[in-house]
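A quick write-up on the structure given underneath.
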Amino acid sequence: MNIFEYIRTIIIDVAKSRGIEDNTILDKITAEPPKEEIHGDISTNIALLCSKKLNSNPRALAESIKVVLNNNIYIDNVQIAGPGFINLFLNKNIFYECCKNVLKIKSKYGRSNYGKYEKVNIEYVSANPTGPMHIGHARGAVFGDSLANLLQYVGYDVTREYYINDAGQQIINLAKSVYIRYIEILTKKEAIFDEDLYPGEYLIAVAREIIDIDGDKYLSMKEESWIQVFKEYSTNAMMKIIKEDLSLINIYHDNFVSEENIKSIGLIEKVVQLLNNNGSIYEGVLDAPKGQKNDNWESRPQLLFKSTLFGDDLDRPLKKADNTWTYFAADSAYHYDKFKRNYSSLINVWGADHGGYIKRIEGIIKSISNSKLKFDVKLCQLVNLNKDGKPVKMSKRAGNFITMRSVIDSVGADVLRFIMLTRKNDAPLDFDLVKVKEQSKDNPVYYVQYANVRINSLYEKAINQGINLNDELDNINFELLTNISEINIIKLIAKWPRQVEAAAKANEPHRVTFYLYDMASAFHSLWSLGNEDPELRFIIEDNMDLTRARLSLAVMVKIILSSGLSIIGVKPVDKLS
RNA sequence: GACUCCGUAGCUCAGCUGGAUAGAGCAACUGCCUUCUAAGCAGUAGGUCGCAGGUUCGAAUCCUGCCGGGGUCGCCA
């Protein structure tokens, strides 16, 4: 149960009873917790929004609404403040019922059917299959996966998808690189790599595998004879490595779509036909891009998509000079494929370097779906990798980029996942290999985990004293919880469903992380009160009713911490080492 | 030149898609361990929300224009 939703429906009913039918007004009516405690538990702007339509001034309207709201048994007091806010002071019973509900349904508390089982496709990671994942991939991976968890949590039917870019020049380069390793092993001559090739040692194993299966028969062949085989072997091997990397942070996609396959089944021709039919492509000439050196710019007519109709600054080419399809053409076909699979919305998680690419794909989707398909791109900004405050330098050419796997080995999967969600996606993120392992309150991972550890130690102590936490949860007297810190926690608990829903609505999983931090903070605060006043500890030996009430509070905090952590894909820590 | 993201306390960042007196954490200063784990808590101090306009009952939030920083811009994927 979401008490904010509950009160809001009551308020909306009031608005409707006054003759407000306009959804643009109704949708704006809020029932939200005010920042200031003295403004009550829930504040609504109903009078401010409806006064104009009802020809009344906001405060007068508020007065008349106040009379109605006062009749509700869960509302103790109604106050009118400022320009016409209506502040509601709720009866404690609504909070107590909320608590009982949490203890009853446990990990289901906060889940909802907000998403109405609508089908959502989230495409994330989609790292090129040319090598192991590096740390830059990790952010998008964690973000996408946590977003998928979040949307599932509030009732969407989510597909986790990976688009394999297995069709371009980089795959030919990959195959060539493996072939060089193949020669190296068989002839014992040292491998030399051109600039575009991949010198990483991880390709040696692929070459070995080919030798094991097919022997040395490709040595004497010409490139056109071995390239296809090497492409297949190496992309398969790379995808295997990437899937292993992902499994280390518990990421498993439901669906892998191959670009090569999209091309081979003729989907590009199909989508181009479609775009042609609705008049969004033409044969035209592009100007040279401004602000760049245009030395070898060569003006020529080519097949263009009218992305300027959708806010892009240029129309975008679908064909290259050699008359083959561009990456954009294949990607259009891929999104057409997703469109045909009947999703109600598509979400793409991309790196910041794809920013300039959004408008054209948006345009494609609008064009093929007649603007009906919802589409959202979440760009993840760069991760700055530091080591004790100093930037770690990475160079692709030297081959010393930091792999995701090495970071997991060093800090662990849970820390990696948590830290990746301590910023909103469109802000850059600093990741310090040393600081994230510190066990202090500068480190939000440990701060949250530590709350859980403390609750566990309480469990142990309670059990040692013969208190059974699972007994008689129905008969807990929540009214004994009168301390401000206790009430704060209860109110935070009541906000959880609202928080997840807001996070889901905005596609922003980081809000869950911040909520968890607040919850941990509220708990640490309560815990510490016991230092100053033993009466405020959780376990009071000669007052079992109070003890049970307080322990149930800890149980609820633990339930919500676990739920929140499971959304961001982090395991709760039970004991600190 | 265009597009896009960012600009909030000395530093790193939240700010619930327009609400009331803008919030945390570091760092600084003051307290709290014979105590359920101090890996923590409480408090003090710190702000012209980059600048200037506009929209309205109301703007850090939306719009426009500047300033500053990151990313991107056919024939890569």
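Here is how names work: the chains are called A, B, and so on, in the same order as the sequence lines, proteins then strands, and each is numbered from 1.
Rounded to whole Å, atom P of B/C16 lies 15 Å from atom OH of A/Tyr114. Counting to the nearest Å, the P atom of B/C6 and the CG atom of A/Leu382 are 14 Å from each other.
Residue A/Phe328 is out of contact with every strand shown, counting any heavy-atom pair closer than 4.0 Å. Among the heavy atoms of the strands lying under 4.0 Å from A/Lys359 are primed sugar atoms or P, OP1, OP2 only; no base atom is included. A/Pro58 comes within 4.0 angstrom of nothing in the nucleic acid, heavy atoms only. A/Arg423 comes within 4.0 angstrom of the backbone, heavy atoms only, and of no base. A/Glu460 comes within 4.0 angstrom of no nucleic acid atom, judged by non-hydrogen atoms across all strands. A/Lys52 comes within 4.0 angstrom of sugar-phosphate atoms only, judged by non-hydrogen atoms across all strands, and of no base.
A salt bridge links A/Lys491 with A/Asp41: the distance from a Lys NZ or Arg NE/NH1/NH2 to an Asp or Glu carboxylate oxygen falls below 4.0 Å. With respect to A/Lys338 and A/Glu123, a salt bridge is recorded, a charged nitrogen being found less than 4.0 Å from a carboxylate O.
Regarding contacts with the backbone of B/C41, a side-chain N or O of A/Tyr447 is found under 4.0 angstrom from either OP1 or OP2. Contact annotation: A/Trp527 side-chain N/O to B/U37 OP1/OP2 distance is not under 4.0 Å. Distances shorter than 4.0 Å separate some side-chain N or O of A/Lys424 from OP1 or OP2 on B/A14. Phosphate proximity of B/G15 to A/His510: present, with a side-chain N or O under 4.0 Å from OP1 or OP2. Contact check, A/Ser457 against B/U37: a side-chain N or O comes under 4.0 Å of OP1 or OP2. Between A/Ser525 and B/A42, a side-chain N or O to OP1/OP2 separation shorter than 4.0 Å is present.
Under the 6.0 Å distance and 45° angle rule, A/Lys319 counts as a cation-pi partner of A/Trp325. Both tests do not hold together for A/Lys424 against A/Phe143: distance to the six-membered ring centre under 6.0 Å, angle to the ring axis within 45°.
Here A/His39 lies parallel enough and close enough to stack on the base of B/A20, with planes under 30° and ring centres under 5.5 Å apart. Evaluation of A/Phe85 against the base of B/A20 yields a stacking contact (centre distance < 5.5 Å, interplanar angle < 30°).
Annotation: B/G15 and B/G50 have their P atoms spaced 15 Å apart (nearest Å). The C1' atoms of B/C67 and B/A28 are separated by 32 Å, rounded to the nearest whole Å.
Within 3.5 Å, a donor on the side chain of A/Ser43 pairs with an acceptor on the base of B/A20, or the reverse. Judged by distance alone, with hydrogens and angles left aside, A/Asp166 brings no side-chain donor or acceptor close enough to the base of B/A77 to form a pair under 3.5 Å. The base of B/C36 does not come close enough to the side chain of A/Arg454 for any donor and acceptor atom to sit less than 3.5 Å apart.
Every pair passing salt bridge (Lys or Arg N to Asp or Glu O under 4.0 Å) that includes a residue from residues 508-528 of chain A is listed here, sequence neighbours excluded: A/Glu508-A/Arg511.
Glycosidic conformation at B/C13 (O4'-C1'-N9-C4 for purines, O4'-C1'-N1-C2 for pyrimidines): anti, more than 90° from 0.
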